[in-house]
2 protein chains.
Amino acid sequence: MQPARRITLTDDVYAAVQALIMDHEVQPGARINIDALARRLAVSPTPVREALARLESDGLVSKTPLVGYTATPLLTRAEFEELVEMRLVLEPAGAAKAAGAGLDTGELAGLRGAADLPGPGGADAVAAFTAQDARFHHTLAELSGNRMLHAAVVRLRAHLHLFRLHFPTAHYGVSASEHHRIVDAVDADDADAAADAMRAHLTAARDRHLPFFESR
Amino acid sequence: MQPARRITLTDDVYAAVQALIMDHEVQPGARINIDALARRLAVSPTPVREALARLESDGLVSKTPLVGYTATPLLTRAEFEELVEMRLVLEPAGAAKAAGAGLDTGELAGLRGAADLPGPGGADAVAAFTAQDARFHHTLAELSGNRMLHAAVVRLRAHLHLFRLHFPTAHYGVSASEHHRIVDAVDADDADAAADAMRAHLTAARDRHLPFFESR
DNA sequence: CGCCCGCAAATCCTATAGGATCTTTGATCG
DNA sequence: CGATCAAAGATCCTATAGGATTTGCGGGCG
């Protein structure tokens, strides 16, 4: 039996500010006033500063000494292409590793569960979709058995926050089927097929996201 | 003309603590007493806490709420293999990208300069060698043109701190020649050859490091 | 002899205050 | 009218203090 609040205020603030930025309640590129943020969260500036320091290492905010913190701006088209390229380097390798790792049935079942994606219905369908999509990719990276690769994949997700509000909602089923094709290859212990399926998925997802940049 | 101290105390402390850990002046796995560290650096605990928060995101320390920070322990053999695997995923891809990027002569000259490694002479030969080796790998990753890949490569270097004091000093020339072979391939715009040369270098470096684990 | 409980010391965590720096506003000069 | 400079305000940064929690140690019980 554990007390009501196991974690510290700093950790709470860290999660809260992360959510504020990911949900664009703090505009990308906007200055972050530490005192105002502290008042908004009903805490003192001290834990806010500590949370911001961690978020800077995560790439969600950037700091200018003696000036203040700024929410990281939206990705440019070029940065988006770099992100895709980076994922194309990391994630197919992770899928291949997972395929060769001899996963047990429990791990495979968990991966299959994460591969399913919620439909377009529901109150906050976009958030539910992105959360589940992240869970699948993170789970697969974790099952690669390489903790550093897993950490790198998780870290990249932070840079995707510009899409939280612009996710193309018309292709839910397509993404899910691509996920399942990857799981099938992993299940069959076919490393090459798993890597290929992941590459196809990432490339297709890239094309689905591209229209976002046309309208800017 | 700029004032004597352009950066803040927190940034100074961050660099100082990073050096303390990388140089093993703080034993890997040891608890970190915030107050004692603050006294040692002649500052208050506040900037120390902020620096530690950033170092946690960097992977150099880990935090347990209400208990304190701990210096990250030395890599186990398994973690070392994962690190090598991760570098084999990232760095050959970066070398290939750099080879296809059409670098100008200035960039190539900078890379060639970084490829040279200091000889075994000198006061702190090990530190000089590791610093120059890091500069080469970071420069090459930067020239890939992918900022996220560059950042990931730099981030991995932090986990190498266990070798700072155990670098095999007998193979300076070998490493340098492997570096130059990579540069040659990049210079020839041969992406496949650059990736192959990087893979060969990383694999060879892995084998050179392995004896360290035998003696533990 | 080993285990468990309770108290004291150490440490962490948060809030607050004051000094230092940057930004903005307004007035003066060219 | 535009540019420059100075002062006021806002904000950041660091130090300090006190409350909350954990850890270490000693005594008591089984």
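Below, chains carry the letters A, B, ... as their sequence lines are ordered, and counting in each starts from 1.
With respect to B:V17, the side chain to side chain contact (heavy atoms under 4.5 Å, CB included) criterion is satisfied by exactly one of B:V26, B:L60, B:D12, B:L41: B:L41.
Ion pairing between a basic and an acidic side chain is recognised when a charged N comes within 4.0 Å of a carboxylate O; B:D11 and B:R54 show such pairing.
B:T46 and A:R49 share no donor-acceptor pair across their side chains, judged by distance under 3.5 Å alone. For the 3.5 Å distance criterion, the side chains of A:D116 and A:H180 qualify, holding a donor opposite an acceptor.
Looking at the side chain of A:T8, the nearest of the listed nucleotides C:dC13, C:dT23, D:dC13 is C:dC13.
Using cut-offs of 30° and 60° for the angle between ring planes, the B:H179 and B:H137 rings count as perpendicular.
For the OP1/OP2 pair of D:dC12 and a distance below 4.0 Å, the side-chain nitrogens and oxygens of A:R49 include no atom meeting the criterion.
Here the C1' atom of nucleotide C:dC13 and the NZ atom of B:K63 are 9 Å apart, to the nearest Å. In this entry the distance linking CG of A:N33 with P of C:dC22 reads 17 Å, nearest Å. Counting to the nearest Å, the C1' atom of D:dT14 and the CG atom of B:D11 are 13 Å from each other. Across the protein-nucleic acid pair, A:R31 atom CZ and C:dC22 atom P stand 12 Å apart, rounded to whole Å. A straight line from OH of A:Y69 to C1' of D:dT11 spans 14 Å, rounded to a whole angstrom. Here C:dA10 presents its C1' atom at 13 Å from CD1 of B:I34, a figure rounded to the nearest Å. Separating the CG atom of B:D35 from the C1' atom of C:dC12 is a distance of 8 Å, rounded to the nearest angstrom. As rounded to whole Å, 14 Å separates atom P of C:dT21 from atom CD1 of B:I7.
The salt bridge (charged side-chain N to carboxylate O under 4.0 Å, His left out) pairs that include a residue from residues 93-102 of chain B are A:E85-B:K97, where partners are two or more places apart or lie in different chains.
Residue A:I32 is classed as a sugar-phosphate contact, given heavy-atom separations below 4.0 Å to backbone atoms only. A:L37 comes within 4.0 angstrom of nothing in the nucleic acid, heavy atoms only.
Residue A:L117 comes nearest to A:A176 through the heavy atom pair CD1-N, 3.6 Å, listed as atom of the first residue, atom of the second, then distance.
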So which protein N/O to nucleotides 15-18 of chain C N/O distances come out below 3.5 Å?
from, atom 1, to, atom 2, distance (Å)
C:dA15, OP2, A:S44, N, 2.7
C:dA15, OP2, A:S44, OG, 2.6
C:dA15, N7, A:T46, OG1, 3.0
C:dT16, O4, A:T46, OG1, 3.2

